[in-house]
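Note that the coordinates shown come from a computational prediction; the quantities given were computed from them, not determined experimentally.
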Amino acid sequence: MVVLCRQCSQMHEGQQLVGVGSTDLKFRLAAFSRYFGSRPIAAITVEELDNWLRALPDSPKSRANFRANISVLFGYAMRRRMIDTNPILHTGRPTLPGNPPEIFSVDELRALLEAAAAQAPDVLPVLAIGAFAGLRDAEIKRLDWSEVDLARGFIEVKAAKQKARGVELFPYKPISLRGYLRRR
């Protein structure tokens with residue numbers, strides 16, 4: 001009988017998880033372990049998993065991410081012959097909205113940035129980097145100011161901080177972004 005918490009620890013050690021994806025995996029498995037941690041991994045049913053996933057107060061995308069990360073744990077347990085099937089594969093998939101990303105008009109973006117400058121100046125660089133350099137929200141949150149080169153007009157996102165796993169330089173229009181970043 002293998003208890004879930006011990007299984008998570010063994011998987012973390014065995015796969016030597018590193019990087020952005022591993023941080024997300026560890027976070028989601030920790031939440032899963034808080035709920036199911038003292039249970040034998042083979043005793044967790046499809047129905048229990050389905051109910052737990054549906055009860056998460058998160059968005060459908062976040063629930064889909066939980067489902068995918070938990071599937072990694074059960075897949076690991078299958079490869080170790082601790083369980084015969086991966087029960088997460090039999091749970092319902094959250095329906096993800098097919099909404100295209102919203103694109104602000106010039107006037108809308110100007111109004112947003114002006115409101116941020118007046119009401120929440122700490123948020124202004126985050127909005128400006130997203131608008132003018134095209135970084136993802138998660139990449140902006142992990143960004144360090146040493147990676148922003150105002151003089152040369154680029155932002156360096158290191159491999160460990162992005163999905164693509166390669167160092168990427170995000171050029172931006174210095175005139176557009178520089179003024180917003182200097183206000184910080």
So, using side chain to side chain contact (heavy atoms under 4.5 Å, CB included) as the criterion, who are the partners of [X] when residues are at least two apart?
X    : result
A111 : none
D107 : S105, R110
Y35  : W52
S62  : R28, D58, S59, F66

Using the test salt bridge (Lys or Arg N to Asp or Glu O under 4.0 Å), find all partners of [X] that sit at least two apart in sequence or belong to another chain.
X   : value
R54 : D50
R67 : none
E48 : R39

What's the spacing between [X] [atom1] and [Y] [atom2] if we round to 0.5 Å?
X    : Y    : atom1 : atom2 : answer
L29  : R34  : CG    : CZ    : 10.5 Å
D149 : E156 : CG    : CD    : 9.0 Å
L73  : M78  : CG    : CE    : 12.0 Å
L113 : F104 : CG    : CZ    : 9.0 Å
F32  : N69  : CZ    : CG    : 11.5 Å
I88  : L49  : CD1   : CG    : 4.5 Å

ask   = Which heavy atom in I44 sits nearest to a heavy atom in P87, and how many Å separate them?
value = O-CG, 4.3 Å
inquiry  = If I compare all heavy atoms of P60 with all of T95, which pair ends up nearest, and what's the gap?
reply    = CB-O, 3.3 Å
Shared hydrophobic cluster, V123 / W145 (ILVMFWY, side-chain heavy atoms < 4.5 Å) = yes
request  = Tell me whether V46 is reachable from M82 by hopping between hydrophobic residues (I, L, V, M, F, W, Y) whose side-chain heavy atoms are closer than 4.5 Å.
outcome  = no
task = Please assess F74 against I41 for the test side-chain contact (heavy atoms from CB on, under 4.5 Å), listing each intermediate value before the final yes or no.
result = CA-CA 8 Å; F74 283 106; I41 194 165; 3.6 Å; yes
task = Using side-chain hydrogen bond (donor to acceptor under 3.5 Å, both in side chains) as the criterion, list what pairs up with T85, not counting sequence neighbours.
result = none
message = Going by the rule side-chain hydrogen bond (donor to acceptor under 3.5 Å, both in side chains), which residues pair with N86 if we only count those two or more places apart in sequence or in a different chain?
response = S71
request  = Keeping to residues at least two apart or across chains, list the side chain to side chain donor-acceptor pair (under 3.5 Å) pairs with something in residues 112-128.
outcome  = none
